[in-house]
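See below for the structure under consideration.
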Amino acid sequence: MMKKRIWALLALGLFSVQAMALTLNEARQQGRVGETQSGYIAALKQDKETVTLVQNINQARSQSYQQLAETNNIPVDEVAKLAGKKLIAKAQPGEYVQGLNGKWMRK
């Protein structure tokens, strides 16, 4: 029951990041960013626009993860790792994701 609640809250928390969804989706499709196992995105291209996007998205995710962790009395890194797994699973074909070995691969 608690896991279902965490997933539901996590989904809600991730929607708060959707204000930049089009830009994030474009960056994903262009291979500029990738989803990591840690629940955050990483810049695969180091141009200013990509780096700024990554910082903004990760800051918003961090706030969401912190709120979910406090609400559910679980460690924030556990929330982030659950989100990472879910985001990697939801990645579209052609988008970059980080494998368990830490290497980047196209889904």
Side-chain angles (χ1 to χ4, degrees):
M1 183 72 152
M2 184 163 167
K3 255 195 172 178
K4 283 185 181 180
R5 182 174 177 207
I6 291 171
W7 281 116
L9 291 170
L10 185 58
L12 289 173
L14 292 176
F15 286 124
S16 68
V17 179
Q18 296 303 313
M20 297 181 155
L22 183 60
T23 303
L24 177 57
N25 286 338
E26 288 174 351
R28 286 175 173 155
Q29 291 167 356
Q30 295 169 11
R32 296 165 76 171
V33 300
E35 291 292 344
T36 68
Q37 296 288 327
S38 67
Y40 297 94
I41 58 172
L44 302 177
K45 306 283 187 208
Q46 295 301 314
D47 61 278
K48 185 178 179 181
E49 185 179 30
T50 301
V51 171
T52 299
L53 173 69
V54 167
Q55 290 170 342
N56 290 339
I57 295 295
N58 285 342
Q59 182 178 20
R61 285 185 180 185
S62 179
Q63 291 171 351
S64 292
Y65 298 162
Q66 185 65 45
Q67 289 172 346
L68 287 168
E70 289 172 7
T71 301
N72 293 285
N73 198 29
I74 58 175
V76 70
D77 64 323
E78 188 175 320
V79 173
K81 286 179 184 177
L82 284 169
K85 287 179 183 177
K86 188 168 182 89
L87 290 164
I88 287 172
K90 287 176 49 176
Q92 298 298 307
E95 294 179 356
Y96 282 94
V97 296
Q98 186 182 44
L100 292 174
N101 61 3
K103 296 188 183 215
W104 292 105
M105 60 186 162
R106 283 203 142 169
K107 191 159 181 195

Is Glu35 reaching over with its side chain to a backbone N or O of Ile88, donor-acceptor style, under 3.5 angstrom?
-> no
Tell me the ring pair (Phe, Tyr, Trp, His ring centres under 6.0 Å) pairs involving residues 82-107, sequence neighbours left out?
-> none
How many angstroms lie between CG in Leu82 and CG in Leu68, if you round to the nearest 0.5 Å?
-> 10.0 Å
Look at the side chain of Tyr65 and the backbone N and O of Ala83, then say whether any donor-acceptor pair between them is shorter than 3.5 Å.
-> no
Any chance you could measure Lys85, atom NZ, to Gln37, atom CD, to the nearest 0.5 Å?
-> 8.0 Å
Measuring from Leu53:CG to Ile41:CD1, what's the distance to the nearest 0.5 Å?
-> 5.0 Å
Answer yes if Val97 and Leu87 sit in the same cluster of Ile, Leu, Val, Met, Phe, Trp and Tyr residues linked by side chain heavy atoms under 4.5 Å apart, and no otherwise.
-> no
CD (Glu95) and CD (Gln29) are apart, to the nearest 0.5 Å, by 6.5 Å
Heavy-atom pair with the smallest gap, counting every atom of Gly31 and Leu44 = O-CB, 3.7 Å
Gln67 meets the side-chain hydrogen bond (donor to acceptor under 3.5 Å, both in side chains) criterion, sequence neighbours left out, with none
Under 3.5 Å donor-acceptor, Gln66 side chain and Val76 backbone | no
Looking at residues at least two apart in the chain, or sitting in another chain, which of them share a side-chain hydrogen bond (donor to acceptor under 3.5 Å, both in side chains) with Gln63?
-> none
Sequence neighbours left out, what passes side-chain contact (heavy atoms from CB on, under 4.5 Å) with Gln46? Give chain and number order.
-> Ala43, Val51
For Ser38, enumerate each residue passing the side-chain contact (heavy atoms from CB on, under 4.5 Å) test, keeping only those at least two apart in sequence or located in another chain.
-> Thr36, Tyr40
N/O donor-acceptor pair under 3.5 Å between Gln92 side chain and Lys90 backbone = yes
Of all the heavy-atom pairs spanning Arg61 and Leu24, show the shortest one and how long it is.
-> NH2-CD2, 4.3 Å
Can you pull the salt bridge (Lys or Arg N to Asp or Glu O under 4.0 Å) pairs that have at least one residue in residues 37-51, sequence neighbours excluded?
-> Arg32-Asp47, Arg32-Glu49
Lys86 side-chain N/O to Gly39 backbone N/O, donor-acceptor pair under 3.5 Å | no
